[in-house]
Structures are given as C-alpha cells and as structure tokens.
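Shown next, in structure tokens, is the structure this report addresses.
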Amino acid sequence: MKLRFYLLEGNYRIINDSPVIQLYGLTEDGKRVCVEEEGFEPYFWVLDAEPKDVEGITASQTGREIRIVRTEKHRKMHFGKEHSAVKAFTRLPGDVAVLREEMKKMFNVLEADILFIRRYFIDKKITPLTLCEADGEPTAKAGKTLYFKSKKTWQVSDDAAKPKILAFDIETNHQEGRMPVPEEDPVIMIGFAGENFRKVITWKRFRTSLDYVEFVDSEAALINRFKKVIEEQKPDIISGYYSDGFDFPYLKARADKYKISLDIGIDGSAIKYGKGRTASAQITGITHLDVFRFITRVISRSLSTSSYDLNSIASEMLGETKKSVDFEKLPGIWESRSDELEAFCEYNLKDAELTLKLAQKILPGVTELVKIVGQPMFDVSRMSFSQLVEWYLMKRAQEFNELIPNKPGHGETSERQTRTYMGGFVYEPSPGLYKDITVLDFRSLYPSIISTHNISPDTINCDCCPEARKAPSEQCWFCQKKKGFIATVIEDLVKRRRRIKDMMAKSEDKMLKARQEALKTVANAMYGYMGFFAARWYCLPCVKSITSYGRHYIQTVINEAKQQGFSVLYADTDSVFLVLDKKTREQAREFMEKINMSLPGMMELEYEGFYPTGIFVSLKEKGQGAKKRYALINEEGTIKIRGFETVRRNTAPIAKETQEKILNIILKERNKEKALEYLMQTLEKLRKKKIPKDKVVIQTQLQKEISSYDAIAPHVAIAKKMREMGKPVPPGTAIRFVVVQGKDRVRDRARLPEEVKEGEYDTDYYTNNQVIPSVEKIFEVVGYNIKEIIRGKYQSRLDGFLKK
DNA sequence: ACCTACCGGGG
DNA sequence: GTGTACGGTAGGT
C-alpha cells in the first residue's frame, strides 16, 4: 500500500547490524507517522583509483573488522575535470569515518564526512516539509505513532506542510542582583501559546481570576506537567526564544535534579543537547525552532535594531512589546506567595505569545530556505549563511556529476585566513548636508557578475579558452564554452527570484515574498562563501575576479554620470548617490536606462530611491578605507541611518541612558542642536559630580576562578579584593565597580561601589571611555565631531582663563 | 601591534 | 555521530 505524508525530520538507527532510515512526518489527515526504510547503503568516493586498489582494504575498531563491502567504478567530475573514481560501500555509516582515516594517506578520499541522513535527502532528492509517498506496509507497533515500513520513498510535490506550532517560555527564581543559576534557582512557571491554546503552569498557589493559570504542587510536578502538555498538544514545532541557550538547558538541569527524563521525542527518546557556543536542543520527530537563533543568523541584517532581545525584536517585527515587571521584587513575591505573582503569569504568557507570533512570522522564510537547501528545518534554522550555501551546493553537485570537495584541514584554513584581497570600490563623500539625492544601485551585483562572467571554481583558467579576456586587473580567465557549476546554480537562483518578483506584481501571496527573500539570501551569500576560509568550494581567484568586475562596473557608472553632468556624491560597491542640482529625476532615470543598454548578461542598474535631504560624514580611520556613515530622509519622512552601533551590557548606566536619549532626539524630534545640548548638559553634570553613584557602576561577570586569569582586568582586581574581604566570588559572580580619579591603570583605580562616596568617580574616564564612545558615532552621522567640540569648549575656557 | 577575556540571548 | 564552525570590542602587555 501507499502512504502519503509531509516529511518533518529524519534520523536513522541500526537494526540487525544494518542502518534503517527513519522519516518522521504527518499524514494528510494530521496523524503522526514514522516511515522506516531499509536498504540505503553508506558509501564514499576514492578519486583516481580502480576497484582492485581499494577492495581489500580493512580497518579495525574495538576488535571489529571494518571493510568495504562492495565497489562501483564511475567517471566523475572534480573541479571541472573528469576523473575515474571508485564508489566504495560500507555496512554501517560509522564505518565510513574509520575507513576514511585509514585510507586518506594513500588516496584522495571524498564525501566521507556527510551525515547519513543528510546523504539520504540529497541522494533520494527528497526535500523536508514537502509531500512524500512511501510504498510499503504499516508495522504492528504500539504507541500513538503510526509506524510504516517502506520499500521505496519519494517526493510527490512541492506542497509544504502546515505545521502546528507550540511556543513556550520558562520563568525562574533568582537571587538578589544576579541572573538565575540552575544549581540553585527553581523554575517557577512555564507558559505556553499555541494557535488555540494558552496556559501558564506554576507551583505556588495564589488568588487569581486569570483563566489560563494552572497550579501544581512542586517544581517536579511542573516539569512533569510540561511534558504532559506537549504530549497532549502534539505540536510539530516547539518554539522558544533562546531556548537552545536557556529554556531547554535550564529545564534539563532542573529535571536531572529530580531524576525526571525529558523524554518528549516521538520515539520516547530524551532531548539531545549540543555543546558549547552552538549548543542546540534536539527532539526526535518534533522540530525545535529557536526563534532567536534564526533571527540572529539570517534576518538580523535586514533589521534596524542592533540588540536582539525579545522586546526589541517583537517591537520591530510585530509592533508589540513585552509586559514589563520588576524582577528585583520577584524573589520576595515568590517567597511570600503574594497575589502579585499574577503579574508574572501575565508576563510569562505574553512572552510565549510573542514567541509564537514571531515563529509564525518567520515560518514562511524558514520553509522556503528548507526547500532550497534541502535539509530539515531543525538544521536549516540554525545554519549560518555559509552553511546554507554549502548544503545547497552539495545538493546540486550531483546534477553536474561533480564530487563534493573536502573541507580544508586546520593548516589550510589558517593559511587561507591570512590571505586578503581588495573589496568593493568606495567613492568618498565630502562631509555635509545635501539636497535632492538619487540613489542607483546594481541589482544583485555580485550574483549577476558570477553568472554573467561564468565565475566558478570549475571554469577558472580552463585549457580550452586561453585567449579569453581576463578579469579587470586580474591574471585569470573563465571558460567561455562551458557554463560552470556555481555560475549555473546562481543563475538559477537569480532567474527564479526574478520570475517570483514578476508574479508578486500580480499577487500578494506571503509565500511568494518569503520565497524570493530566501532565494536572495542564498544567492547573495555565494560570493562571500567562495571567499570563506572554511568553504569546500573556496576559490580566492574567483572572489578577486568578482570584486574586480564590481569595481570596474561601478567606476564606469561614476565616470558616465560625471560626463553627463551629474555630481557624484558617494558610491560604495554597488550603489551610486547622485546629487541632482539642475538635473531632474527623469534625467536620472534616462541616464540609468542608457547605462543598462550597455551592460552585458544579467547586469542591471536599478533606481533605488530619491531622498530630499541627506547628511554624509567621511570617516577615515587610521588609514583604513572610508566607512559607511550617513543618514537619509525619504519623502515619507523615514530616516535611514548607516554606520553606528549601540553599547553593551558592561557599560555604565549613564552611557546607556545618554545614548538612548540622544538617539531619540535625533531620530524622532530631528533636532541635532537639542541633542548636542543634551549631551553637553550630561557632560557638565558629570564634571560637577552630579551623576548619582548607581549610574556610574560598571558591571562585568567573572567568568572563571580568579586564579586562572592571566591578565588582571579591572573586574578581576575587584574580585580579588572581595575575596580578601572574605566574600566568596565563584565564577559567574557579577562584579560591580566604580572607576575613581588617579593616574594609574584602570584596574588600580577600580573600587567597590560601597567604598566610594557620591560623586567620587573619575569624570575623565566616564566622559572619554563611557559616554562619548556611546554617542560620538551618532553625532558624526549628523555632522558633529564631539571630541573637537569638547576640545573647543575646553580651549575657549582655557583662553578665557589665560586672558585674565 | 598583538593577545586575552568578555558579551550576546535568557530571569 | 560519515560532524559542526562566531564576531566584535576593551583593556592589558
């Protein structure tokens, strides 16, 4: 019989000494299914070898003999050249790595580091989230999941599943003045939000009229209830905000304390945790989508906020904010079981709801990326740009009969990192205020160069076209007879995107928008990928050629514009800013069209926009190139600012507050004089020691034992002092200090807050190292050089003093 | 100039 | 699990 299902996640297990692929999915009527398929064999490639060379090779691992079970002889392409290659099969997926290590000294071993389940998706041309069909029989197995033994599985259409999302968020208690630590502070409540479901569970009772609050008797009961809710709700996607880094690891630590297993997998398995910075929490058969992970990796660049906390992200992406509560009071409220806990339940639910809305918002984009890249959502939503590109290329390589190159070894990557090359062309603006600015830019500049000039690691310096024209100012050329692998796939991406954009003109389908965004994401990352030190398809001469063509095209536009009587204000890589003066906007458009007539292939100049006013700052930093620093106002009054970043946690509150206030005055009130005045007042208050002590306290976390520090930073010096005073300072302690006056190093001038009196702080340090750095770039954008203004003020005071 | 430690997100 | 990976900044040396 045949079974249709939407594929969500994949896995494999070993049964009777051979691997069985497991495909978790949903039937068309929404039932959970696990399709099991035998017969997919692990294999790898040996380049420039014959079957007889490799057939007898064995290795042993813990006493077991590992061997190549059979071979096939093939002709394969490797960087555009044909080779003979042996496809070597093994019994178990893990055998591949053992044989690879054994053979890599004698042979060029390829494709021996690709996870078995990912290999399956690539080879079978099965895309997660799409509708698939399996031919086989249901197997008698207990439980809520339908098990189905498949003889063959294939994809039947591009239709994507409509997965059910359940968002959750945990709240914990904490000790005064620090973040919660799982060794000591319990989880006190867990909130859920689904499409028609909301709930907050907590384990201390209080009076409330909230209908979604449910009480249990202990933290252990809370964790068990958490598991039960997931079992009842049967989500396809479980979503959290930073749940890879906080909620799941925290829950695990607390569950371990009570010896509770977080076995919420479809097959009854526990959550699997990754380690280190890229820690992730994986649930078998259910997609764990950490909204934060995807947003910071893939969409952060298109957002204007520079901090990615839930409140900032929700306010920019949803126009909503978190409920605000006072966390300082939580320990007391929790201890006393006060009715004020109700506010925390509301806070908890709101966070879960915002997470749900964000998950729903990013879902179309994630779905499209999954369909392009061809790997499961759990993986794709955690991939960096280079990984997205690489998995897409690995999927497409088989169509070209190309072998997937190996990842570079350590020596190779570190050597690659030392190589630099010239980037885009920057035409520096003269600082000032300008009127009537027209911005033209190349539509997908680098992708269209790659396609138009056939730039690809397999077409470079080919033997068949030695007389081909070389890239501008480069010594290499690209084949003119055969289209390259990367040039072809990028052309597909760009053409598909343009087709979708045409369709979008006629319809407002949300999926179309997401699809073209996803295509753009992958296409735009291709250039960076070829220059990325850890890339399989790394190609330095390719990226050098791409940027050299880029500089050539933008310079051509600049020269032409000047000849036509436009004044060129600024240009950077792919865009040109023209000041109209006596020219009209129509003339600018005509100029653009004329340029387009002369451009080859996919190259195209576009009309980006018109801005009535703009402010430009030229910022040459220590001989480096000019940085992108400007602010533009469009006809709707929207301000576009480029080139400054906000302060971090370990800066003093006074610096944070001043920056926030000044950003507000400039962006909302558009009054730079007022902003400057505000800064001056703040600096004056600093000078007169009028800033309260708690606004100059800097807080830094001690990350390890004091003894294991080599360099003694200010907070380490303070930690030592605290220890001498008999206070315990374990790793993780938040060290608070104030910098006082003196000529010594900063660390010698750091004091415990309770040691210093009000006003006993170093004005110069807080002025020059805290407040000014946090605002100077903002002022540069509107044309004020804060350091000089202050020096000028000081100078004039000095002048006045001398005159007397 | 180079090296080392820290932050981010989370309560 | 046929593994797998940050990127930028401040302060010290």
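Note on naming: letters A, B, ... go to the chains in the order of the sequence lines (proteins, then strands), and numbering restarts at 1 for each one. No hydrogens, no waters, no symmetry mates; every other heavy atom, side chains included, goes into these values.
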Only counting residues at least two apart or in another chain, list the ones meeting side-chain hydrogen bond (donor to acceptor under 3.5 Å, both in side chains) with [X].
X         : answer
Thr172(A) : none
Glu184(A) : Gln175(A), Arg178(A)
Tyr242(A) : none
Lys322(A) : Tyr347(A), Asp351(A)

Establish, from distance only, whether the side-chain atoms of Asp123(A) and Tyr43(A) form a donor-acceptor pair under 3.5 Å.
->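 Looking only at side-chain atoms, Tyr43(A) and Asp123(A) do form a donor-acceptor pair, the distance falling under 3.5 Å.
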
Between Gln22(A) and Tyr12(A), does any side-chain donor sit less than 3.5 Å from a side-chain acceptor?
-> no

Base, sugar-phosphate, or nothing for [X], non-hydrogen atoms under 4.0 angstrom?
X         : value
Lys322(A) : sugar-phosphate
Asn769(A) : sugar-phosphate
Tyr241(A) : sugar-phosphate
Tyr765(A) : sugar-phosphate
Ile712(A) : sugar-phosphate
Ile170(A) : sugar-phosphate
Asn11(A)  : nothing
Asp95(A)  : nothing

Looking at [options], which one has an atom nearest to any side-chain atom of [X]?
X         : options                  : value
Tyr347(A) : dT4(C), dT13(C), dG11(B) : dG11(B)
Tyr12(A)  : dT4(C), dT2(C), dG11(B)  : dT2(C)
Thr172(A) : dC7(B), dT2(C), dG11(B)  : dG11(B)
Leu310(A) : dT2(C), dG10(B), dG11(B) : dG10(B)
Ala97(A)  : dT2(C), dG9(B), dG12(C)  : dT2(C)

Would you call Arg70(A) and Glu41(A) a salt bridge, taking side-chain N to carboxylate O under 4.0 Å as the test?
-> yes

Taking only Lys NZ, Arg NE, NH1 and NH2, and the carboxylate oxygens of Asp or Glu, determine whether Glu320(A) and Lys350(A) approach each other closer than 4.0 Å.
-> yes

Please answer whether dG11(B) and Phe327(A) are stacked, defined here as ring centres separated by less than 5.5 Å and planes angled under 30°.
->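 One would call Phe327(A) stacked on the dG11(B) base.
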
In whole angstrom, give the distance that lies between atom [atom1] of [X] and atom [atom2] of [N].
X         : N       : atom1 : atom2 : answer
Arg100(A) : dT2(C)  : CZ    : P     : 10 Å
Tyr308(A) : dG10(B) : OH    : P     : 13 Å
Asn406(A) : dT2(C)  : CG    : C1'   : 12 Å

Considering only the P atoms, how many Å lie between dG11(B) and dC6(C), rounded to the nearest integer?
-> 25 Å

Give a yes or no answer on whether the side chain of Ser269(A) reaches the backbone of Gly265(A) with a donor-acceptor pair at less than 3.5 Å.
->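 Checking the backbone N and O of Gly265(A) against the side chain of Ser269(A), no donor-acceptor pair under 3.5 Å is found.
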
Ring geometry between Tyr766(A) and Tyr761(A) (parallel below 30°, tilted from 30 to 60°, perpendicular above 60°) | perpendicular

Distances for protein N or O near nucleotides 3-5 of chain B N or O, under 3.5 Å:
{"residue": "dA5(B)", "atom": "OP1", "partner": "Lys704(A)", "partner atom": "NZ", "Å": "2.9"}

Within the structure, does a side-chain N or O atom of Arg745(A) lie under 4.0 Å from either OP1 or OP2 of dT13(C)?
-> yes

Residues of residues 105-120 of chain A with a heavy atom under 4.0 Å from any atom of DNA chain C, listed by number, are Glu111(A), Ala112(A), Asp113(A), Ile114(A), Leu115(A), Phe116(A), Arg118(A), Arg119(A)

